[in-house]
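The structure appears right after this line, and notes come after that.
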Amino acid sequence: MSDKLTGAAREDALKPLLDNGWAVAEGREAITKSYKFKDFVEAFGFMTRAAMTAEKMDHHPEWSNTYNGVEVTLTSHDVEGLSPRDVKLAKAMDGFAE
Ligand SMILES: C[C@H](O)[C@H](O)[C@H]1CNC2=NC(N)=NC(=O)C2=N1
């Protein structure tokens, strides 16, 4: 069964993320966030922790890093949209960035 988020469930799930710096991507079913850290070591530490969680979840981000910045896009390829896995990974990433 598809776990694609739609309708009110999608709105409810996204609300806390949109209040915390995430945005719905332009023209695609995805969420994005730009993180800024003190320096490259902090940024890469964040990516390392997020990568371990992503691998455990078998749910992987699209991302890029430039010095102290990390640009993240989350989507669920298997449902061609957003799923609770994106929400879970987004919240974990926000926790690692604190
Ligand atoms: C075979 C493997 O489980 C799948 O390809 C996983 C891997 N990581 C994934 N990551 C994301 N973001 N979406 C997926 O649908 C997905 N599928």
Side-chain angles (χ1 to χ4, degrees):
M1 197 186 79
S2 167
D3 63 350
K4 182 170 174 168
L5 285 169
T6 58
R10 185 181 190 275
E11 276 177 40
D12 289 351
L14 291 187
K15 174 86 170 76
L17 297 177
L18 301 182
D19 289 344
N20 200 31
W22 290 88
V24 175
E26 286 273 323
R28 61 181 294 210
E29 280 279 301
I31 51 172
T32 64
K33 185 168 178 175
S34 296
Y35 291 96
K36 274 277 186 251
F37 298 92
K38 182 170 67 81
D39 55 24
F40 177 74
V41 171
E42 296 278 323
F44 201 76
F46 162 78
M47 293 180 84
T48 304
R49 279 177 276 170
M52 295 300 124
T53 295
E55 181 59 14
K56 270 189 213 140
M57 288 176 62
D58 192 27
H59 194 66
H60 302 91
E62 300 169 25
W63 56 6
S64 65
N65 159 242
T66 307
Y67 179 52
N68 65 338
V70 182
E71 303 279 335
V72 179
T73 299
L74 301 179
T75 190
S76 296
H77 309 124
D78 55 352
V79 298
E80 296 179 356
L82 292 166
S83 75
R85 288 164 284 145
D86 298 302
V87 176
K88 187 176 172 189
L89 185 55
K91 287 180 176 170
M93 286 179 143
D94 284 345
F96 294 142
E98 270 170 13

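Order of listing sets the numbers, starting from 1, for every ligand and every atom in it.
Among all protein heavy atoms, the one lying closest to atom 15 (O) of ligand 1 is D78 N, 3.0 Å. In terms of protein heavy-atom proximity, atom 8 (N) of ligand 1 is closest to H60 ND1, 2.8 Å. Nearest protein heavy-atom contact of atom 1 (C) of ligand 1 is D58 OD2, 4.6 Å.
In this structure, atom 6 (C) of ligand 1 has protein heavy atoms in its sub-4.0 angstrom surroundings. Distance check on atom 10 (N) of ligand 1: some protein heavy atom falls below the 4.0 Å cut-off.
In terms of heavy-atom proximity, T75 sits nearest to L82 at CA-CD2, 4.4 Å. For the residue pair G81 and K4, the shortest heavy atom distance occurs at CA-CE, 4.2 Å.
Checking only distances, R85 never comes within under 3.5 Å of ligand 1, N or O to N or O. At least one N or O atom of H77, backbone or side chain, sits closer than 3.5 Å to an N or O atom of ligand 1. For ligand 1, the polar-atom distance check finds no N/O of D86 at less than 3.5 Å from any of the ligand's N/O atoms.
Ring pair Y35/F46 is tilted by interplanar angle, where 30° to 60° counts as tilted.
No side-chain donor-acceptor contact under 3.5 Å links D3 to the backbone of L5. Listed for the D86 side chain is a donor-acceptor partner under 3.5 Å among the backbone atoms of S83. Using modelled atom types, no side-chain atom of D39 and backbone atom of A43 make a donor-acceptor pair closer than 3.5 Å.
In T75, the part holding a heavy atom less than 4.0 Å from any atom of ligand 1 is the backbone.
Interatomic distance, M93 CE to W22 CH2, rounded to the nearest 0.5 Å: 6.0 Å.
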